[in-house]
2 protein chains.
Amino acid sequence: MAQKVKLSTIADELGVSTATVSLALRDSPLVADVTRNRIKETARDLGYIYNRRAASLRTSRSGIVGVCVHDVMNPFYGEILKYVEHELDRRRQTFILSNHYDDLSKQRAFVDTLLQLGADGLILSPAVGTPAADIKLAEGNDLPTVLIARTIEGAGVCGFRGDDAFGMALAVDHLIGEGHREIAMVGGTPQTSTGQDREAGWRTALLKAGIEPRPEWRIEGPRSRDAGFQAALGFARLERRPTAAVCFSDLVALGFMYGLARAGLTPGVDVAVVGYDDIEEAEIATPSLSTVSNGQAEVGHRAAGALLDRLSGNPASDETVLIKPVLRMRDSSHFAGRLPLGTSG
Amino acid sequence: MAQKVKLSTIADELGVSTATVSLALRDSPLVADVTRNRIKETARDLGYIYNRRAASLRTSRSGIVGVCVHDVMNPFYGEILKYVEHELDRRRQTFILSNHYDDLSKQRAFVDTLLQLGADGLILSPAVGTPAADIKLAEGNDLPTVLIARTIEGAGVCGFRGDDAFGMALAVDHLIGEGHREIAMVGGTPQTSTGQDREAGWRTALLKAGIEPRPEWRIEGPRSRDAGFQAALGFARLERRPTAAVCFSDLVALGFMYGLARAGLTPGVDVAVVGYDDIEEAEIATPSLSTVSNGQAEVGHRAAGALLDRLSGNPASDETVLIKPVLRMRDSSHFAGRLPLGTSG
DNA sequence: CTGAAAGCGCTTACAG
DNA sequence: CTGAAAGCGCTTACAG
């Protein structure tokens with residue numbers, strides 16, 4: 001390529017100042033219509049490319065928002081991100097994505113990069129063990145932060161997530177209503193607020209129904225499809241196998257159903273299964289997966305909205321918004337032990 | 001926060017010049033050890049944050065690589081990106097991700113953003129209909145580009161993808177070997193090189209075996225799990241239903257199997273199914289999904305490697321590298337019509 | 001081994 | 001309505 005085209009190239013070409021060119025390209029009313037049109041035309045003809053680094057150095061606004069989650073391949077996060085992306089697109093913000101895989105040092109490296117780039121904001125689903133100080137560091141260096149899916153005690157920023165204890169109780173109550181008395185919980189760890197709250201919801205709902213959960217009903221750990229699959233292989237061999245299982249997530253539940261089938265059991269008939277999140281796949285899985293909707297759309301929209309609001313100068317909030325989950329009854333739990341598969345509507 | 005800490009803050013604090021501070025922080029051997037250590041310590045104490053915008057404006061290197069694919073939630077792309085991410089991480093490059101959803105204007109907006117940010121390179125799985133001129137525009141503005149998964153005639157850049165025609169022929173040959181004579185192909189569109197090549201592989205393999213594909217065997221369109229599911233519902237009702245189906249992707253195949261089951265058919269017994277890509281889920285699906293491995297790891301690694309090589313000054317190549325696919329035989333096709341499910345190893 | 005100075009390409013008061 | 005000039009925070013010859 002030839003010489004780089006910059007504001008002054010255009011200015012020289014037309015015999016005006018760079019100030020005028022700058023204003024014209026950003027549609028300032030200070031510039032006369034004729035001038036603006038000539039400038040825009042020339043910019044196009046010369047193949048001018050706006051240099052955001054230079055502009056951002058001057059204005060200390062970068063137009064960049066960072067987004068960091070456990071893993072974008074997990075449909076739960078993927079679905080949230082769709083909505084975040086949509087909202088940021090509308091406001092012409094560039095978004096930079098990173099997975100942290102619950103590795104604190106990876107998350108820190110990313111936040112550091114954002115600070116170095118002068119990013120305007122951060123939407124974060126914090127890695128396991130993130131201290132409140134990490135959030136304060138970001139905020140203290142002019143990086144407004146909004147939390148999603150998980151929240152942190154004392155971080156002092158706003159966050160959006162589902163009411164996990166309530167949601168898991170919905171799932172358990174439903175299974176009890178279907179006649180189950182032995183209900184396992186598969187997956188999740190007590191290291192995240194999500195894991196703690198969902199386990200608490202499961203335990204509390206059982207106790208409230210007068211059922212004492214047996215230790216072997218709690219299968220801790222699985223958070224992926226594959227781990228759910230592996231858990232089912234063990235579950236199938238349990239001497240006194242529970243008749244139902246609530247899973248930490250739909251991903252775990254879908255893997256769990258694959259695993260049950262692999263072990264020769266029919267999910268929804270031999271074992272009732274309920275997931276969590278209501279990802280898109282839940283509806284087409286066969287049997288279709290009963291689950292608890294976890295408000296991905298609302299989390300994504302509102303988190304992006306809250307951040308953008310703050311970027312336009314509105315005061316910061318430090319409120320954690322709990323979104324009410326809703327039970328979605330489907331075939332994996334509803335007809336358990338009563339009808340064969342494929343006969344439902 | 002207080003005053004922003006910059007190079008000159010540190011320089012003033014220690015009574016040295018900003019040049020020395022700059023050199024010291026980047027470990028230049030020009031700076032004496034004592035000086036360097038004092039500088040680094042002070043930088044840490046003051047909470048100095050490197051301003052990459054300013055540096056990049058000066059050096060015209062940004063450390064940013066853009067990555068743009070159809071949809072990161074699609075595990076095929078997700079798996080490629082894992083490897084790209086890993087490679088870029090190792091070389092301390094920031095990567096910016098975007099979906100284009102096969103929307104050319106979204107892709108263009110992203111490339112434009114990269115140009116404005118002075119990104120160092122682009123890894124692209126081009127949207128349907130991307131003209132070679134779009135790639136040349138990027139290249140012409142100092143944005144080296146590497147293509148993945150799909151390639152573009154005449155773009156003059158290097159690319160990495162699977163040998164789709166060969167791979168699909170492997171799948172069809174396998175089914176013919178299992179005794180099938182009526183083999184549908186579900187999903188994909190002739191608007192992408194991938195769609196064309198896989199359809200050609202299917203058609204050619206059938207003809208070579210003396211089988212004339214009937215028009216209704218070609219179910220064009222589906223490229224998502226949900227579309228695969230819907231297609232199966234129609235497929236199940238076909239008057240003269242093929243005994244086997246090769247699918248455009250594993251995602252389509254997995255949805256297709258859900259759909260068959262929903263329609264009361266047993267995938268792998270009533271209908272043999274083969275996918276394409278060999279995503280992680282293929283192995284745990286039940287029945288496990290026969291498929292064609294599509295080299296996500298190799299595509300991701302080599303594409304990132306090729307780009308980074310070029311960034312370190314190596315000459316550009318314009319070669320398209322075809323990665324040889326491998327058939328993975330599993331239960332969804334291998335035991336069709338012979339054994340009931342769940343009895344296999 | 002260290003410092004003074006120019007410059008990367010913008011935007012923003014300020015003056016006219 | 002337009003222009004001259006300063007400055008955002010770095011890096012890089014160049015001089016010493």
Side-chain angles (χ1 to χ4, degrees), chain A residues 1-40 42-43 46-64 113 115-120 141-142, chain B residues 1-40 42-43 46-64 113 115-120 141-142:
Chain A
M1 74 188 274
Q3 207 51 29
K4 191 152 245 165
V5 178
K6 44 193 173 178
L7 284 192
S8 64
T9 318
I10 302 173
D12 290 352
E13 181 83 15
L14 294 174
V16 297
S17 75
T18 59
T20 303
V21 176
S22 172
L23 292 168
L25 291 178
R26 284 173 297 136
D27 288 320
S28 160
L30 289 175
V31 180
D33 283 3
V34 231
T35 319
R36 181 179 32 251
N37 291 337
R38 282 174 57 216
I39 288 174
K40 287 200 162 183
T42 308
L46 294 178
Y48 171 69
I49 289 169
Y50 180 65
N51 188 326
R52 262 160 79 160
R53 293 171 285 186
S56 152
L57 182 58
R58 184 56 228 255
T59 61
S60 60
R61 266 287 196 133
S62 64
I64 290 174
T113 299
L115 291 171
Q116 294 183 1
L117 290 172
D120 295 337
N141 284 291
D142 283 333
Chain B
M1 72 188 274
Q3 209 49 31
K4 189 152 246 165
V5 179
K6 44 192 174 179
L7 283 191
S8 64
T9 318
I10 302 172
D12 290 355
E13 182 84 14
L14 294 173
V16 298
S17 75
T18 58
T20 302
V21 177
S22 171
L23 292 169
L25 290 179
R26 283 174 297 136
D27 287 320
S28 161
L30 289 175
V31 180
D33 282 4
V34 229
T35 319
R36 180 178 34 247
N37 291 337
R38 284 175 57 217
I39 288 174
K40 286 201 163 182
T42 309
L46 295 178
Y48 170 67
I49 287 168
Y50 180 65
N51 187 327
R52 261 161 78 162
R53 293 171 286 186
S56 151
L57 181 57
R58 184 56 226 258
T59 62
S60 60
R61 265 288 193 130
S62 64
I64 290 175
T113 299
L115 291 172
Q116 295 182 0
L117 291 172
D120 295 337
N141 284 290
D142 283 331

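In what follows, chains carry the letters A, B, and so on, assigned in the order in which the sequence lines appear, proteins first and then strands, with residues in each chain numbered from 1. In this text, all values refer to a predicted model and were calculated from it rather than measured experimentally.
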Validation row: L117(A), I64(B) side chains within 4.5 angstrom (heavy atoms):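 Yes. Closest side-chain heavy atoms under 4.5 Å.
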
Could you give the [atom1]-to-[atom2] distance, from [X] to [N], as a whole number of Å?
{"X": "L117(A)", "N": "dC8(D)", "atom1": "CG", "atom2": "C1'", "answer": "16 Å"}
{"X": "R26(B)", "N": "dC1(C)", "atom1": "CZ", "atom2": "C1'", "answer": "16 Å"}
{"X": "L7(A)", "N": "dC8(D)", "atom1": "CG", "atom2": "P", "answer": "19 Å"}
{"X": "R58(A)", "N": "dC10(D)", "atom1": "CZ", "atom2": "C1'", "answer": "16 Å"}
{"X": "R52(B)", "N": "dC8(C)", "atom1": "CZ", "atom2": "C1'", "answer": "17 Å"}
{"X": "L23(B)", "N": "dT11(D)", "atom1": "CG", "atom2": "P", "answer": "8 Å"}
{"X": "L30(B)", "N": "dG3(C)", "atom1": "CG", "atom2": "P", "answer": "13 Å"}
{"X": "L115(B)", "N": "dG9(C)", "atom1": "CG", "atom2": "P", "answer": "15 Å"}

Is the phosphate of [N], meaning OP1 or OP2, less than 4.0 Å from a side-chain N or O of [X]?
{"X": "S8(B)", "N": "dC10(D)", "value": "no"}
{"X": "T20(A)", "N": "dG3(D)", "value": "yes"}
{"X": "T18(B)", "N": "dG3(C)", "value": "no"}
{"X": "R53(A)", "N": "dC10(C)", "value": "no"}

Modelled atom types, side-chain donor and acceptor of R38(A) and T42(A), under 3.5 Å: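 Judged by distance alone, the side chains do not pair up.
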
For the student: nearest non-hydrogen atoms of A11(B) and S17(B), plus distance: CB-C, 3.7 Å

Residue [X], side-chain heavy atoms: nucleotide from [options] that is nearest:
{"X": "S17(B)", "options": "dG3(C), dT2(D), dA6(D)", "value": "dG3(C)"}
{"X": "Y48(B)", "options": "dC10(C), dC10(D), dT2(C)", "value": "dC10(D)"}
{"X": "A54(A)", "options": "dT11(C), dC10(C), dG9(D)", "value": "dC10(C)"}
{"X": "S22(B)", "options": "dT11(D), dT11(C), dG9(C)", "value": "dT11(D)"}

Value rounded to 0.5 Å, distance of CG in N51(A) from OG in S56(B):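 Atom-to-atom, N51(A):CG and S56(B):OG are 7.5 Å apart.
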
Sugar-phosphate only, base, or nothing, as touched by T35(A) at under 4.0 Å among non-hydrogen atoms: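 Result for T35(A) = sugar-phosphate.
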
Touch class at under 4.0 angstrom, heavy-atom based, for G15(B) against every strand present: sugar-phosphate

Derivation of the side chain to side chain contact (heavy atoms under 4.5 Å, CB included) call for I49(B) and K4(B): CA-CA 9 Å; I49(B) 287 168; K4(B) 189 152 246 165; over 6 Å; no

Short side-chain to backbone donor-acceptor contact, S22(A) and T18(A), under 3.5 Å: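 Looks like no, no N/O pair under 3.5 Å.
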
Side chain R53(A), main chain R52(B), donor-acceptor under 3.5 Å: no

Comparing L57(B) and V16(B) on DNA chain C - which has the more 5′ nearest nucleotide: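 Result: V16(B).
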
D27(B) with K40(B): basic N within carboxylate O range, under 4.0 Å: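 The answer is yes: the pair qualifies as a salt bridge.
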
Strand DNA chain D in bracket notation, Watson-Crick/G-U under 3.5 Å with | for pairs to another chain: |||.||||||||.|||

Position toward the 5' end of DNA chain D (nearest nucleotide), P29(A) or A19(A): P29(A)

